[in-house]
Amino acid sequence: MLYREAGQFKTTYAADQQLFPIRQDRIGLMLLAVAFFGVPLFASEYWFSAILIPFLIFALAALGLNILTGYAGQLSLGTAAFMAVGAYAAYNFQLRVEGIPILVSFICAGLTAAGVGILFGLPSLRIKGFYLAVATLAAQFFIVWCLTKFPWLSNHSSSGVISAQDVVILGFNFDTPVSKYLLVLAIVSVMALAAKNLVRSSTGRAWMAVRDMDVAASVIGIKLMPTKLLAFAVSSFYCGVAGALYAFCYLGSVEPDGFSLDMSFKILFMIIIGGVGSILGCFLGAAFILLLPIFLDYSLPAVAELFGLPFSNATVSHIQILMFGALIMFFLIVEPHGLARLWQIAKEKLRLWPFPH
Amino acid sequence: MSKKIGDVILDLQNISLRFGGVKALTDISFNVCEHEIRAIIGPNGAGKSSMLNVINGVYHPQEGKIFWHGKERKKMEPHMAAQQNIARTFQNIALFKGMSVLDNIMTGRMTKMKANFIEHALWFGRARKEELEHRRKVEEVIDFLEIQHIRKTPVGRLPYGLQKRVELGRALAAEPSMLLLDEPMAGMNVEEKQDMCRFILDVNDQFGTTIVLIEHDMGVVMDISDRVVVLDYGKKIGDGVPDEVKNNEEVIRAYLGAGH
Ligand SMILES: Nc1ncnc2c1ncn2[C@@H]1O[C@H](COP(=O)(O)OP(=O)(O)OP(=O)(O)O)[C@@H](O)[C@H]1O
Ligand SMILES: [Mg+2]
């Protein structure tokens with residue numbers, strides 16, 4: 001049997017509150033071990049630099065957005081801009097602070113993004129929903145504009161392009177795809193764990209309370225302003241670190257226009273498809289959005305050939321866009337909690353299978 | 001009733017509240033004593049809910065004074081009510097729909113938890129200890145309200161009567177000294193009403209909680225409350241023990257006569 005959780009009874013509250021509540025959820029830990037030790041043995045360089053590294057980085061950005069939108073209920077369209085802040089901040093810390101360790105730069109990048117996030121979160125104290133989304137859209141354009149407008153930020157390079165410095169920790173240069181993958185994996189694992197801890201604690205409950213019913217939340221004693229701003233700060237911190245990793249461990253050189261509204265939407269789609277308000281969903285959504293095009297690239301020509309249809313690359317990208325559109329509508333309408341919820345339902349079914357009553 | 005009713009802990013003097021041209025409350029004065037069950041009754045739109053909102057700082061009256069434990073209360077924000085140990089439930093259920101029963105009730109203890117978000121993120125220091133400590137308290141509330149079987153259910157999936165009970169649980173988790181209940185039994189069947197009455201009386205009896213209650217069911221009000229305030233069109237038209245109020249001419253005319 002693949003998955004059985006019947007017959008496990010919790011006898012203490014501590015047991016009930018465990019992070020991986022049932023024995024089988026330790027599968028998560030096993031997956032992590034495989035990711036650290038198994039994958040490097042088998043995956044090719046292409047897989048690392050074109051699939052696994054961006055997957056982890058986008059999952060991290062999706063985590064950031066999900067904290068803000070899924071848990072605290074504040075819709076944001078500025079995710080990519082906060083990533084840009086992180087990328088440029090990390091670059092500048094490396095450039096301008098003598099001898100600063102790269103990990104410290106990443107943390108400072110996150111903190112810088114958090115500061116900017118708080119700033120652009122201020123409107124949330126007055127406005128909600130659609131109007132707030134428009135305000136974050138302003139952040140998206142304003143930040144990208146700033147990065148092109150002020151040459152100091154990109155050390156006077158043409159059109160704001162920056163080339164990330166080498167990633168060196170304790171004398172070890174992370175210059176191969178495998179080493180970069182392992183570094184990103186370590187950072188993302190730690191941050192995902194921290195996010196899980198946050199959302200199951202009273203910080204997370206305060207966010208969800210504000211999301212679900214703000215009057216009741218304040219009557220309970222939750223201060224709306226600090227709670228919302230904390231969500232903006234933590235969310236932007238995650239996005240900022242993701243942006244730094246995007247520049248330093250994935251692309252190597254980035255330009256402001258690379259952090260476009262398109263990218264913000266892509267991350268938003270990840271959480272919609274993966275699951276709004278779910279940590280696991282961020283990973284499922286990122287994998288789905290990144291892998292679907294690759295999957296289609298491989299499978300569509302084969303399918304076309306099978307039916308003897310004419311086929312071009314343009315068709316592939318059109319079909320991709322169509323499928324994304326259809327999927328997003330499906331999840332918004334039918335299953336707002338995304339793949340993560342489908343997974344949970346499957347689990348519940350399996351637990352009782354084959355005796356549903 | 002054998003219980004001991006204490007001193008006045010909340011004193012409202014000449015409260016007036018307007019929304020633009022609408023006079024929701026006009027020159028209302030009454031008080032609430034420690035450990036009593038104080039009912040507020042009146043026809044629809046009389047200003048009962050507005051009164052509760054004034055008490056816990058959601059609405060700010062234009063005129064009048066409020067004394068809390070003998071001290072005049074300055075302008076107050078909703079979140080300060082929790083600090084002063086005032087908890088409430090709402091007329092239209094105001095639970096956190098996306099969260100489980102357990103999490104909803106845990107939010108009731110929010111103000112008592114001191115760990116900050118960094119401790120939470122690292123699950124370190126006070127974070128873990130507090131979570132367990134407060135979970136224990138919350139389980140007591142769950143036992144008290146007899147909702148053990150639904151503790152992990154998302155509240156959105158529960159029937160109306162149970163949601164009302166969970167909302168009471170969230171308020172009780174704060175261990176309030178004063179509990180404001182806005183129509184806790186509206187829309188319930190007889191059995192559910194009986195349960196709710198029992199819980200309210202038990203809370204009052206076992207924990208000595210002062211209760212301010214809005215309720216339309218006259219039978220219930222006359223049964224369980226110590227004193228009753230009657231409002232009509234934002235004005236106070238009666239105040240006293242149930243028997244007094246029941247025989248008050250104006251009350252009969254305005255309220256009891258009007259189709260109830
Ligand atoms: N936020 C508000 N803005 C404008 N008017 C309001 C507001 N809250 C209450 N009112 C008005 O104040 C008056 C009293 O309303 P309130 O809700 O206090 O009555 P109620 O006695 O609780 O009635 P019900 O039995 O229907 O719950 C009504 O005329 C109502 O329209
Ligand atoms: Mg009302």
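Quick note on labels: first sequence line is chain A, next is B, and so on, each numbered from 1.
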Nearest heavy-atom pair of [X] and [Y]: which atoms, and what distance?
X: B:Thr107; Y: A:Ile220; value: O-CG2, 3.2 Å
X: A:Ser202; Y: B:Met113; value: CB-SD, 3.9 Å
X: B:Phe117; Y: A:Leu198; value: O-CD2, 3.4 Å

Checklist line | side-chain contact (heavy atoms from CB on, under 4.5 Å) assessment of B:His120 paired with A:Asn197 | finding: CA-CA 6 Å; B:His120 288 149; A:Asn197 281 338; 5.9 Å; no
Margin query: Applying a heavy-atom distance below 4.5 Å, give me the residues of residues 79-100 of chain B that approach chain A, sorted by number.
Written below: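 The stretch touches chain A at B:His79, B:Ala82, B:Gln83, B:Arg88, B:Phe90, B:Ile93, B:Ala94, B:Leu95, B:Phe96, B:Lys97, B:Gly98, B:Met99.
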Check: How would you list, in number order, the residues of residues 157-172 of chain B that have a heavy atom less than 4.5 Å from chain A?
Finding: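 Checking residues 157-172 of chain B against chain A gives B:Arg157, B:Arg170.
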Margin query: I'd like to check the salt bridge (charged side-chain N to carboxylate O under 4.0 Å, His left out) partners of B:Glu175; sequence neighbours left out, ordered by chain and number.
Written below: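 Testing B:Glu175 for salt bridge (charged side-chain N to carboxylate O under 4.0 Å, His left out), a comparison that skips the adjacent residues, returns B:Arg109, B:Lys137.
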Report which part of [X] has an atom under 4.5 Å of a heavy atom belonging to chain B: side chain, backbone, both, or neither.
X: A:Leu224; result: neither
X: A:Val210; result: neither
X: A:Ala195; result: neither

Item checked: Contact residues of residues 104-128 of chain A (partner chain B; heavy-atom separation under 4.5 angstrom) ->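 Near chain B, by residue number: none.
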Checklist line | Value rounded to 0.5 Å, distance of OG1 in B:Thr111 from CD1 in A:Ile222 | finding: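 These two atoms lie 9.0 Å from each other.
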Checklist line | Gap separating the OG atom of A:Ser201 from the CE atom of B:Met106, nearest 0.5 angstrom | finding: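 With rounding to 0.5 Å, OG (A:Ser201) is 9.5 Å from CE (B:Met106).
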Next item on the list: Could you have a look at A:Gly277, A:Gly204, A:Ala217 and say which one has the most heavy-atom pairs with chain B under 4.5 angstrom?
Entry: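 Highest number of pairs under 4.5 Å: A:Ala217.
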Note to self: Looking only at heavy atoms and a cut-off of under 4.5 Å, which of A:Met191, A:Arg211, A:Met213, A:His337 has the most pairs with chain B?
What the structure shows: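 Of the options given, most contacts go to A:Met213.
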Notebook entry, point to check: Of the backbone (N, CA, C, O) and the side chain (C-beta and beyond), which part of B:Asp103 lies under 4.5 Å from a heavy atom of chain A, both, or neither?
Noted result: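 Backbone plus side chain of B:Asp103, per the 4.5 Å heavy-atom cut-off to chain A.
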Check: Counting only heavy atoms not in B:Phe19, do more than 12 fall under 6.0 Å of its CZ?
Finding: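 Yes.
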Next item on the list: Step through the shown structure and confirm whether more than 12 heavy atoms of other residues, nucleotides or ligands are within 6.0 Å of NZ on A:Lys223.
Entry: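 At most 12 heavy atoms, drawn from other residues, nucleotides or ligands, come within 6.0 Å of this atom.
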